[in-house]
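Taking it in order: structure first as structure tokens, then the write-up.
Start at 1 with the first residue, then count along the sequence.
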Amino acid sequence: MPDIAKSGFTSIWLPPASQSLSPEGYLPQNLYSLHSAYGSEHLLKALLHKMKQHKVRPMADIIINHRVGTTKGHGGMYNRYDGILLSWDEHAVTSCTGGLGNRSTGENFNGVPNIDHTQSFVRKDITKWLRWLRNKVGFQDFRFDFARGYAASYVKEYIEGAKPVFCVGEYWDSCNYHTGRLAYNQDSHRQRIINWIDATGQLATAFDFTTKGILQEAVKGEYWRLRDSQGKPPGVMGWWPSRAVTFLDNHDTGSTQGYAYILTHPGIPTVFYDHFYDWGTSIHDKIVNLINIRKQNDIHSRSSIRILEAQPNLYSAIIGEKLSMKIGDGSWCPAGREWKLATCGHRFAVWHKEN
């Protein structure tokens, strides 16, 4: 925690806190039990206390699209929740996944009872649970898992009810492909994410899956992908940066270039724990350096951007009129003596203006 706080992080997305049938936490059952494969309630609360001391906000992973039942009900399926808190019956489960509720307002998560958010008793109970996480347990931020599974209007209601500081939704669907290759134009993909944000009353941000999908192809020598036909960044970041939570592919080998991109650009950047702590001190220190440069030059989610080059082997841009950067093998540096090199590494460089 001291290192995370010192490095400049403001929020930590923690794994799902509730008891779950899968060790990762994504098949929750007893939402009020904070004993999980990650540890006990006592350990969780000790961590949250430590985070509060270091002024870093804990983000709870909210899995409310589906819930594993405890007992068999209608149709011989495990679609009842007897014997635990929130002891719902089959009417809390959508008819599409074996319950007696209404049809789902989103896509089905197969193999598990999906929660029917159209039921007022369900929404009342979920809001109460979210308030408990927020006010009693000590989580400040929320991440909504599998946000395609239920209508965004319910996300709006839950945010209004529990009042988290910050929210992000996982609205994940496939990018556009053309004959097996990632298409250049991803406008319809980012528009779907933007529609979801709009439908939450603009109260939530969303993971910028469009940028992530494009970036992981761009760093393979297709940097032309990083400028759309309007001259803007091609992801959600290019259209609504203050609601775009940018991140890289978790297994991305071009991660230093990726961080040189997202940590210098508008949007709200995310860093993976394993990139930061498990890939060696060199990457850790490069990321810290990029975060410092971002903060020192007051680059934020709404900073302006001018893309100067987007060629097969080179991308360059000026951000907030204070930073300039390049990624790729192509040689480039900003014009003007006021620009000084701030940091560089394998296939990337960042400059700042001397004050």
Side-chain angles (χ1 to χ4, degrees), residues 1-18 25 28 31-32 34 38 41 44-65 123-147 150 152-171 193-194 196-209 236-237 240-247 262-263 265-273 276 291 294-295 298-303:
M1 269 319 303
D3 183 65
I4 289 171
K6 186 174 92 236
S7 301
F9 291 97
T10 51
S11 179
I12 302 179
W13 161 20
L14 292 169
S18 297
L31 295 179
Y32 278 100
L34 297 176
Y38 297 103
E41 178 177 353
L44 174 67
K45 288 190 169 168
L47 171 61
L48 298 186
H49 179 67
K50 189 71 146 181
M51 290 177 70
K52 193 175 183 180
Q53 287 178 328
H54 286 282
K55 298 184 170 58
V56 180
R57 302 190 310 268
M59 178 182 287
D61 205 337
I62 306 298
I63 297 97
I64 49 174
N65 171 73
R123 296 202 304 280
K124 192 175 133 216
D125 282 349
I126 288 176
T127 302
K128 192 175 168 188
W129 174 67
L130 292 171
R131 280 184 186 147
W132 175 76
L133 287 177
R134 174 80 180 89
N135 303 319
K136 296 282 193 293
V137 182
F139 284 101
Q140 289 180 278
D141 298 352
F142 292 159
R143 169 201 181 259
F144 288 94
D145 179 68
F146 198 69
Y150 49 101
S153 56
Y154 301 126
V155 174
K156 177 178 188 279
E157 185 177 328
Y158 298 140
I159 294 172
E160 286 171 341
K163 298 182 172 58
V165 176
F166 177 81
C167 278
V168 59
E170 183 207 24
Y171 191 91
I193 296 173
I194 280 168
W196 181 85
I197 299 168
D198 262 330
T200 70
Q202 309 184 359
L203 297 177
T205 65
F207 285 113
D208 190 348
F209 282 98
V236 179
M237 178 216 290
W240 203 354
S242 66
R243 292 290 180 276
V245 175
T246 52
F247 68 106
I262 67 171
L263 290 172
H265 276 52
I268 302 160
T270 309
V271 174
F272 274 112
Y273 184 96
F276 201 58
I291 295 171
R294 181 184 186 85
K295 298 206 169 194
D298 194 32
I299 302 300
H300 51 80
S301 67
R302 292 182 172 91
S303 289

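Looking at Trp196, Tyr171, Phe247 one by one, the single match for ring-ring contact (aromatic ring centres under 6.0 Å, His included) with Phe209 turns out to be Phe247. Shown are Phe146, Phe139, Phe142, Tyr158; of these, the side chain to side chain contact (heavy atoms under 4.5 Å, CB included) with Ile62 is made only by Phe142.
Around OH of Tyr273, the count of heavy atoms belonging to other residues, nucleotides or ligands within 6.0 Å does not exceed 12. More than 12 heavy atoms of other shown residues, nucleotides or ligands fall within 6.0 angstrom of atom NE2 in His300.
Taking the side chain as every heavy atom from C-beta outward, Phe166 and Val168 approach each other to under 4.5 Å. By the 4.5 Å heavy-atom criterion applied to side chains, Tyr150 and Phe144 are counted as neighbours. For the pair Tyr38/Leu44, no side-chain contact is recorded, criterion being any heavy-atom separation below 4.5 Å from C-beta on. Inter-residue side-chain proximity for Ile194 and Val236 is flagged as met; some heavy-atom pair is nearer than 4.5 Å. A heavy-atom distance below 4.5 Å is found between the side chains of Ser242 and Trp240.
Leu130 contributes atom CG, which lies 6.0 Å from atom CD1 of Ile64 (distance to the nearest 0.5 angstrom). The structure places NZ of Lys163 at 10.5 Å from CG of Leu203, a figure rounded to the nearest 0.5 Å. Distance check, rounded to the nearest 0.5 Å: OG of Ser303 to CE of Met237 gives 11.0 Å. Note: Ile126 CD1 to Leu31 CG = 8.0 Å, rounded to the nearest 0.5 Å.
Note on Asp125 versus Lys128: no salt bridge recorded, every NZ/NE/NH1/NH2 to OD/OE distance being 4.0 Å or above.
Take Asp141 and apply the side-chain hydrogen bond (donor to acceptor under 3.5 Å, both in side chains) test, not counting sequence neighbours, and it matches Ser11, Arg57. Qualifying ring pair (Phe, Tyr, Trp, His ring centres under 6.0 Å) partners for Trp13, counting only residues two or more places apart in sequence or in other chains: Phe207.
For the pair Ser301 (side chain) and Pro266 (backbone), a donor-acceptor distance under 3.5 Å is absent. Under the 3.5 Å distance criterion, the side-chain polar atoms of Arg143 are left unmatched by any main-chain donor or acceptor of Met59. At distances below 3.5 Å, not a single donor-acceptor pair connects side-chain atoms of Lys136 with backbone N or O atoms of Leu133. Between the side chain of Thr205 and the backbone N or O of Ala244, no donor-acceptor pair lies under 3.5 Å. A donor-acceptor pair is defined here as one N or O able to donate and one able to accept, closer than 3.5 Å; such a pair exists between the side chain of Arg131 and the backbone of Gly161.
Closest non-hydrogen pair, Gly25 versus Ile63, comes out as O-CD1, 3.9 Å. Taking both residues in full, the closest heavy atoms of Pro269 and Gly267 are given as CD-O, 3.5 Å, listed atom of the first, atom of the second, then distance. The heavy-atom pair separating Arg294 from His265 by the smallest distance is NH1-O, 2.7 Å. In terms of heavy-atom proximity, Pro58 sits nearest to Leu48 at CB-CD2, 3.4 Å. In terms of heavy-atom proximity, Ala204 sits nearest to Ile159 at CB-CD1, 4.0 Å.
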Criterion side chain to side chain contact (heavy atoms under 4.5 Å, CB included) on Met51 and Ile12, from CA distance to verdict: CA-CA 9 Å; Met51 290 177 70; Ile12 302 179; 3.6 Å; yes
Steps toward side chain to side chain contact (heavy atoms under 4.5 Å, CB included) verdict (Asn65, Asp145): CA-CA 8 Å; Asn65 171 73; Asp145 179 68; 5.7 Å; no
CA sep, side-chain torsions, deciding dist, call: Met1, Leu47, side chain to side chain contact (heavy atoms under 4.5 Å, CB included): CA-CA 9 Å; Met1 269 319 303; Leu47 171 61; 4.3 Å; yes
Criterion side chain to side chain contact (heavy atoms under 4.5 Å, CB included) on Arg134 and Gln140, from CA distance to verdict: CA-CA 6 Å; Arg134 174 80 180 89; Gln140 289 180 278; 3.8 Å; yes
